[in-house]
There are 2 protein chains.
Amino acid sequence: METRELVYFLAVAEELHFGRAAERLGITQPPLSRTILRLERRLGVPLLERGGRGTVLTAAGEVLAREGVKALASMEAAERRARRAGRAEPRLVVAVKPGGDGGLLPAILTAYRDEAAAIEVKVLVCGVAERAARLRDGTADVTFLHDPLEDLTEFDSEPLLRERGVVALPPGHRLAERTSVTMADLRDEPLARWRGLRGPHTCGPEVRDGAELMQLVALGIAVAVVPESAAAVMRGDLVCVPVTDAAPTTVVLAWPRDTRSPALAAFVHTATRVATAAHRSS
Amino acid sequence: METRELVYFLAVAEELHFGRAAERLGITQPPLSRTILRLERRLGVPLLERGGRGTVLTAAGEVLAREGVKALASMEAAERRARRAGRAEPRLVVAVKPGGDGGLLPAILTAYRDEAAAIEVKVLVCGVAERAARLRDGTADVTFLHDPLEDLTEFDSEPLLRERGVVALPPGHRLAERTSVTMADLRDEPLARWRGLRGPHTCGPEVRDGAELMQLVALGIAVAVVPESAAAVMRGDLVCVPVTDAAPTTVVLAWPRDTRSPALAAFVHTATRVATAAHRSS
DNA sequence: GCGTCTCCATACCCGGAGGGTATCGGCTGT
DNA sequence: ACAGCCGATACCCTCCGGGTATGGAGACGC
């Protein structure tokens with residue numbers, strides 16, 4: 001199966017309409033029809049049920065649509081990584097969510113840049129779900145993830161920092177003056193959930209980023225349990241109170257499986273060294 | 001990047017010789033050269049250093065060779081899965097190593113076939129390393145793996161059966177009459193290792209399959225610690241003795257991540273039910 | 001140091017695949 | 001029954017993939 005055939009099929013599978021798919025692909029409808037027909041002949045299975053009103057996917061079509069996007073992403077990642085590896089000056093791209101580094105990144109960067117084998121490091125600030133996507137597509141080499149909240153199974157990873165939870169509250173909140181709270185105290189509170197992260201809470205609004213979360217907390221619409229390091233980047237008009245029995249999270253460094261890059265290995269090594277040093281001194 | 005371009009590049013990357021690569025691909029050398037040159041132009045990076053005597057990969061070439069095989073496998077798996085999904089009668093392919101099912105497969109098959117939603121099940125008997133490969137390439141839907149010994153991270157899995165270890169010994173062995181042994185008793189024995197499996201032991205010969213292992217044990221060249229269920233399929237001329245402190249292994253059912261197949265889900269469900277029932281009755 | 005050999009690139013030709021326009025055929029909804 | 005929409009087919013043209021013949025550069029031998 002050629003890449004182009006797969007791209008064409010995925011366009012049709014999404015649009016369920018040859019005309020619109022062709023338009024999106026920048027070609028006309030007949031060559032698209034022909035390509036899909038030949039693909040079906042070569043696979044030996046029909047992928048689409050053509051009806052008078054649009055088309056629907058067959059079982060085989062469903063499978064190819066699902067597996068095909070993965071395969072295509074893999075092809076594009078291979079291409080992107082090769083391109084990056086060939087660029088004149090190699091550099092390491094670290095994807096990080098604002099406040100998602102457990103406060104370690106400045107110290108890690110400082111320590112890493114002192115290493116003999118260090119190469120240029122670029123920090124790519126991006127959203128919650130975007131970090132994993134950037135690792136997958138080869139745009140970034142390494143990122144910080146939070147252990148029980150995010151899926152680590154598709155990456156290699158190294159734990160850096162174990163953190164307890166704190167709850168972010170608006171200033172006048174009934175719990176804002178407490179020195180610590182428990183999850184039971186928060187049972188009736190609208191606990192915010194992060195979009196794209198798994199969390200135990202299902203009540204409360206869903207947020208996309210830290211700014212939205214802080215805005216909702218400031219307005220009294222939500223409260224949020226966050227790792228203690230996130231308290232440092234919290235807006236000054238919010239209050240953070242330790243939650244004694246919140247499930248602890250671990251900040252981990254994650255990178256694509258089977259990466260063989262001396263620069264990345266050195267970065268990971270430095271990061272764990274910095275993290276354990278920071279842990280002991282605290 | 002087109003699939004064909006990648007296939008061509010991978011051939012050159014393996015052979016490090018355009019002529020031989022072309023021969024392997026069933027084409028002549030000039031079109032291959034042209035295709036690789038165009039690929040390099042499009043990627044914007046050189047992939048090969050041409051010298052008077054063969055060629056070597058550049059850094060970018062190394063990366064593309066490594067990532068490319070994964071991408072190509074992904075493409076081929078997508079194609080194969082789509083093909084299988086479209087076949088008239090859907091069936092479930094279970095890859096199993098002889099003796100690798102913990103003795104559960106017959107009961108699982110019987111129970112599954114009684115289910116209303118059951119489809120035809122084909123059992124594909126194959127080698128140790130082959131099982132994971134068949135899952136990856138879409139030839140099989142599900143297999144049995146052994147938990148600490150094999151890498152489960154690339155699959156979804158469900159534990160079925162926790163097993164203690166037994167050691168397989170030749171009849172006249174000094175430990176053959178014992179009712180149980182410890183790992184300390186085996187310290188000086190040539191413990192066989194499975195090729196492709198991670199195990200704690202590094203001494204002793206490496207075996208590819210159970211027949212080879214049993215042959216070596218029968219000859220007194222090796223002894224082997226195996227899960228207790230494997231004792232049932234052991235040659236009659238060998239002796240199995242429980243090892244009280246061998247690391248227990250867990251037989252797990254494994255299948256490709258993110259599979260959405262009702263038939264597979266039913267099979268997994270049945271298998272866990274059968275396994276827990278078998279466990280309780282024993 | 002020169003010839004020779006090896007190996008990849010280039011030149012050129014041919015057939016077929018990919019893309020375009022025009023049009024047909026079938027299902028649908030009114 | 002008819003109009004309209006949508007995918008398939010027919011036909012043409014261009015360009016790409018593959019072939020043969022040959023050039024050119026580095027490596028090895030004498």
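Values in this document were obtained by computation on a predicted structure and should not be read as measured data. Order of the sequence lines fixes the chain letters, A, B, ..., with proteins taken first and strands second; residue numbering starts at 1 for each chain. Scope of the values below: all heavy atoms of this structure, side chains included, with no hydrogens, waters or symmetry mates.
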Taking only side-chain N and O atoms of B:R50, does any of them lie within less than 4.0 angstrom of OP1 or OP2 on C:dC7? no

What I want to find out is whether A:R257 reaches B:E154 closely enough, with some N-O distance under 4.0 Å, to be called a salt bridge. no

Applying side chain to side chain donor-acceptor pair (under 3.5 Å) as the test, list every pair that has at least one member in residues 25-34 of chain A; sequence neighbours left out. A:Q29-A:S33

To the nearest 0.5 angstrom, please state how far the CZ atom of A:R113 sits from the OG1 atom of A:T270. 12.0 Å

Roughly how far, to the nearest 0.5 Å, is the OH atom of A:Y112 from the OG1 atom of A:T110? 13.5 Å

Quick one, A:F267 and A:D141 - any side-chain contact, counting heavy atoms below 4.5 Å? no

Can you pull out every side chain to side chain donor-acceptor pair (under 3.5 Å) where at least one residue sits in residues 58-78 of chain B? Sequence neighbours excluded, please. A:R81-B:E67

Atom-to-atom span, CD1 of B:I27 to C1' of D:dG17 - whole angstrom: 9 Å

With axes from five pairs an end, tell me the bend angle of the helix from C:dG1-D:dC30 to C:dT30-D:dA1, nearest 10°. 30°

Residues within residues 1-26 of chain B bordering DNA chain C, heavy-atom distance below 4.0 Å: B:H17, B:F18, B:G19

Residue set satisfying side chain to side chain contact (heavy atoms under 4.5 Å, CB included) with B:V123, at least two apart, ordered chain then number -> B:V96, B:L105, B:L109, B:V125

Looking at A:E5 and A:R42, is there a salt bridge between them, counting it only when a charged N and a carboxylate O are closer than 4.0 Å? yes

Identify which one of A:R134, A:R131, A:E150 satisfies the side-chain contact (heavy atoms from CB on, under 4.5 Å) criterion when paired with A:T143. A:R131

Atom OH of B:Y8 and atom CD of B:E2: how far apart are they, to the nearest 0.5 Å? 12.0 Å

Ordered by number, residues from residues 28-44 of chain A within less than 4.0 Å of DNA chain D (heavy atoms) are A:Q29, A:P30, A:S33, A:L37

